[in-house]
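Per chain, numbering begins at 1; letters A, B, ... match sequence-line order. Quick note: numbers below take in every heavy atom, side chains included, and nothing from hydrogens, waters or symmetry partners.
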Amino acid sequence: MPKIIFPDNTEAVVSEGTTFLDAIKGHNKELLKNAVAVNVNGEIKDLKGIITGASDSIRLLPVTLDSKEGAEVCRHGAAHVMAEAVKSLYPNVKIAIGPAIEDGFYYDFDTEKPFTPEDLEKIEAKMSEIIKGDFPFIRETISKKEALDLFGNMGEVYKTELISELADGEITVYRQSGFTDLCRGPHIPSTRFIKAFKLTTSAGAYWRGSEKNRMLQRIYGVAFASKDELKAYLFRVEEAKRRDHRKLGRELDLFSTNEDIGSGLVLWHPNGSAVRMIIEEFWKKEHAKNGYDIVFTPHVAQLNLWKTSGHWDFYRENLYSPMEVEGQEYIVKPMNCPFHIQIYKSRLRSYRELPIRYAELGTVYRYERSGVLHGLLRVRGFTQDDAHIFMRPDQLETEITGVLNFTLYILKSFGFNDFDIYLSTRPEKYVGSLDNWEKAEAALRGALTNLNLRFSVDPGEGVFYGPKIDIKIKDVIGRAWQCSTLQVDFNLPERFDVTYRDDQGAEARPIMLHRALMGSLERFFGCLVEHYAGAFPFWLAPKQAVILTVTDRNNEYAAKVLRQLKAAGIRAALDDRNEKLGYKIREAELKKIPYMLVIGDKEQAEEKIAPRSKDKGNMEPVTVDEFIKRVEKLTRPGGGEIL
RNA sequence: GCCGGCGUAGCUCAGUGGUAGAGCAGCUGAUUCGUAAUCAGCAGGUCGUGGGUUCAACUCCCUCCGCCGGCUCCA
């Protein structure tokens, strides 16, 4: 007879055929509060699942709605309920797949008429009805043939396609109310366990994610264990909107795009440019310190160069079309690497010179399909903080470690401290020798391990020319953006026949490393804006301080203070308009300027200024020199905290 | 590129067949004011583009462009 071990480590023996539910009920009813499933030796199962004798010792742990697994089970249930609602409202619709996802769920439907927002409201109302009905989810096991018949008779062609690919044997289906779906489970006991949900949006989605297949209509929803959690989710959505760099970009006059110029092409306004220049200066200084040589290369080059590099063959759909000049075809550059290679090749290289590190803030243009463009985060023209390192094979791990350290230092300087790191390994189609691949992967892995960095492996997700490490930056509300990348390349050195003379005087092939720390300045800047919600730390702020006069009696003194601040290198401005102080403060707050410096008759008489920090409010009046001294340490990169 | 939504003044948004409206911003004037919006006046739009239907189109239909949310893509 199976032995049950409960969470409190007490044990009980039950007879075969007992359900998990009854077993727990017999032990401690309290455990069933909010329970939607059960963890059986680490596997999530239905509460009403049957205990078999196969395993003689069973560790049972109720899975509650407020746990991660419980929420997932609940969200999956919501997907089924949505499918039922859709089928009952629109009987001709075919159902495809409907999994749980982060915060919610979706379901794909094949329908002649896409869903309108009004349809979503109707579906939502129907779902509420079903949930109130408290219909149990009933699991059934049938044979493959029965399943094919069952869904075949319903005309559910997507389901039969899925079933026909399953191995012969038992197939599980779940029924609730009048709805039956192919499903592995587990499921919530009944529909009322869906406590709070909301349909969010509908969108097209290809069947099985392939452009070659029919486009289905996907409805997205969110579901939570309580109304409060749903409210918290909606608040997070609002918060994300508040931080949206596209909105802040306009409000803070940082950048714009323009229909007459073209999609995905960015205009950096003076405020955005000011931040960019600070980033670039910092970048240049740090690269000089870290052994890089900075180079400049053209924006266009002959088509032949890109044939040699392979871009013309492998990357053509992302290239801007060639232009003809004096019978020669040129294209605008999608990458900087061939240029750096040509600089390397401009003379013979010795093993003694390696590694050679060429860095460039190189602006590249790539044709991205219109549907993928997104603010500054996905554009068609962008500036990479690019570098290519040419090295001997024995230098691989040292160089990778160096680049990783450098990357983390740069990212941390900008206030990013949370990363997701991915190591992508050899894909099915690859160039280069297996031996080299293994060495490179080992070097990447070794560097990550030596630096004690947590990373996940994306098997087979490497680029065809070499393995890579990607670092995604997490912003303050937990969203991840890929910026940094570090890629080993066995391909280009071959294609361009890049060589050096080794210590025996023989010709040898260097290994090349592509790397970008911030990725592109556009994307990085977009992330920065969101990260700080537009309130840049002092060292990055386009305007660091604004002087506010109380009356125009103070204007002359204020102008003198402005000169002092500017002489000290502070990016200051003067607001001496004939407006009330409250009005000026409000404007400065909205512009997110770190310091407001109030000057009224009192300050003028004492030759002082009254600082007001954007974050901390009013401060005691101080002299200009005192203020300058106080903010000095904030002007250094990474010096973010306002006094 | 595909699916859906949207496009009205610099910004945020009203206006559903009878030739455009508000708030904020802007400009002018008054006000000289102490920590998140002083008052008044003025000005501002060929309603994204091109075509069609109609006596009449911001409104209905089609094309294209752009934006938004997804899908796909992102060597």
Check your understanding: Quick one: is A:T201 getting a side-chain N or O under 4.0 Å of the B:G70 phosphate, OP1 or OP2?
Key -> no
Review point. Under 4.0 angstrom, heavy atoms only, what part of the nucleic acid is A:E579 near: base, sugar-phosphate, or nothing?
Key: base
Practice item. Could you tell me whether A:R366 contacts a base, only the sugar-phosphate backbone, or nothing, with contacts defined as non-hydrogen atoms closer than 4.0 Å? Key: nothing
Review point. With sugar-phosphate meaning primed atoms plus P, OP1 and OP2, does A:Y583 contact a base, only sugar-phosphate, or nothing at under 4.0 Å between heavy atoms?
Key: sugar-phosphate
Check your understanding: Nearest-Å distance, CG (A:L590) to P (B:U12)?
Key -> 15 Å
Exercise for review: Please tell me which of the listed nucleotides, B:C67, B:C73, B:G7, lies nearest to the side chain of A:S263?
Suggested key: B:C67
Study note, to complete from the structure: Any strand, both distances under 3.5 Å, Watson-Crick or G-U wobble: B:A40 pairs with B:U28
**Study point:** More than 12 heavy atoms of other groups within 6.0 Å of A:K307 NZ
**Key:** yes
Review point. With sugar-phosphate meaning primed atoms plus P, OP1 and OP2, does A:G600 contact a base, only sugar-phosphate, or nothing at under 4.0 Å between heavy atoms?
Key: base
Check your understanding: For the side chain of A:R246, counting heavy atoms from C-beta on, which of B:C2, B:G34, B:C68 is nearest?
Key -> B:C68
Point to revise | Whole-Å gap separating C1' (B:C3) and OH (A:Y107) | key: 20 Å
Check your understanding: Which is true for A:G371 with a 4.0 Å heavy-atom rule: it touches a base, it touches only sugar-phosphate, or it touches nothing?
Key -> base
Exercise for review: Answer yes or no: is there an ion pair linking A:E211 with A:R369, defined by an N-O contact shorter than 4.0 Å?
Suggested key: yes
Check your understanding: With the threshold set at 4.0 Å, does a side-chain nitrogen-carboxylate oxygen contact exist between A:E251 and A:K247?
Key -> yes
**Study point:** B:G1 base / A:Y206 side chain donor-acceptor hit below 3.5 Å
**Key:** yes
Point to revise | Per A:K602 side chain, nearest of listed nucleotides B:C3, B:A36, B:G34 | key: B:G34
Exercise for review: Please determine if A:R612 and A:E589 form a salt bridge, counting it only when a charged side-chain N lies under 4.0 Å from a carboxylate O.
Suggested key: yes
Review point. Which one, B:U38, B:C71, B:G66, comes nearest to the side chain of A:K580?
Key: B:U38
Point to revise | Touch class at under 4.0 angstrom, heavy-atom based, for A:S370 against every strand present | key: base
Point to revise | Side-chain donor/acceptor of A:R612 to base of B:U35, under 3.5 Å | key: yes
Check your understanding: Nearest nucleotide by nearest heavy atom, which residue falls closer to the 5' end of RNA chain B, A:T257 or A:K468?
Key -> A:T257
Check your understanding: Do A:E165 and A:R208 meet the salt-bridge criterion of a basic N to acidic O distance under 4.0 Å?
Key -> yes
Study note, to complete from the structure: Of all heavy-atom pairs linking A:T425 and A:P459, the shortest is OG1-CA, 3.2 Å
Point to revise | Pair assignment for B:G34, Watson-Crick or G-U wobble, requiring both distances under 3.5 Å | key: none
Check your understanding: Which part of the nucleic acid does A:R218 contact within heavy-atom distance under 4.0 Å: base, sugar-phosphate only, or nothing?
Key -> sugar-phosphate
Exercise for review: Quick one: label A:E603 by what it contacts on the DNA or RNA (base, sugar-phosphate, nothing), any heavy atom closer than 4.0 Å.
Suggested key: base
Review point. Within this structure, what is the CZ-to-P distance between A:R378 and B:C67, rounded to whole angstrom?
Key: 14 Å
Review point. How is A:H374 classified with respect to the nucleic acid when contacts are heavy atoms under 4.0 Å: base, sugar-phosphate, or nothing?
Key: sugar-phosphate
Practice item. Look at A:K333 together with A:E360 and state whether they make a salt bridge at an N to O cut-off of under 4.0 Å. Key: yes
Check your understanding: Counting only heavy atoms not in A:Q302, do more than 12 sit closer than 6.0 Å to its CD atom?
Key -> yes
Exercise for review: Write down the distance between CD1 (A:I609) and C1' (B:U35), rounded to a whole number of angstrom.
Suggested key: 15 Å
Point to revise | N-O pairing of A:E579 and A:R586 below 4.0 Å | key: no
Check your understanding: Partner of B:G21 by Watson-Crick or G-U wobble geometry, both contacts under 3.5 Å, or none?
Key -> B:C13
Point to revise | Sugar-phosphate, base or nothing in reach of A:N491, heavy atoms under 4.0 Å | key: nothing
Study note, to complete from the structure: Across every strand shown, the nucleotide meeting Watson-Crick or G-U wobble geometry with B:U59 (both distances under 3.5 Å) is none
Practice item. Starting from P on B:G1, measure out to NZ on A:K212 and report it in whole angstrom. Key: 19 Å
Practice item. Determine: side-chain N/O of A:R250 to OP1/OP2 of B:U12, distance under 4.0 Å, yes or no. Key: yes
Review point. What is the distance, rounded to the nearest whole Å, between atom CZ of A:F115 and atom C1' of B:C71?
Key: 16 Å
Point to revise | P gap between B:G23 and B:A43, integer Å | key: 14 Å
Practice item. Once you apply the 3.5 Å cut-off to both distances, tell me the Watson-Crick or G-U wobble partner of B:G7, or none. Key: B:C65
Exercise for review: Round to a whole Å and report the spacing from CG of A:D552 to P of B:U32.
Suggested key: 10 Å
Practice item. Counting Watson-Crick and G-U wobble pairs only, both distances under 3.5 Å, name the nucleotide matched with B:C2, or none. Key: B:G70
Review point. Heavy atoms under 4.0 Å, any strand shown: does A:A203 hit a base, just sugar-phosphate, or nothing?
Key: base
Exercise for review: Considering only atom P, compute the distance from B:G21 to B:C65 and round it to an integer number of Å.
Suggested key: 33 Å
Revision key, fill the gap. To the nearest angstrom, the OH-C1' distance between A:Y595 and B:A36 comes to 19 Å
Review point. OP1 or OP2 of B:A25 less than 4.0 angstrom from a side-chain nitrogen or oxygen of A:R586, does that happen here?
Key: no
Point to revise | Nearest-angstrom distance, C1' atom, B:G7 to B:U12 | key: 14 Å
Practice item. With RNA chain B as reference, determine whether A:P334 or A:V598 sits nearer its 5' end, using the nearest nucleotide of each. Key: A:V598
Practice item. Indicate whether OP1 or OP2 belonging to B:C71 is found under 4.0 Å from a side-chain N or O atom of A:Y220. Key: yes
Review point. So what does A:K584 touch, heavy atoms closer than 4.0 Å: a base, only the sugar-phosphate, or nothing?
Key: nothing
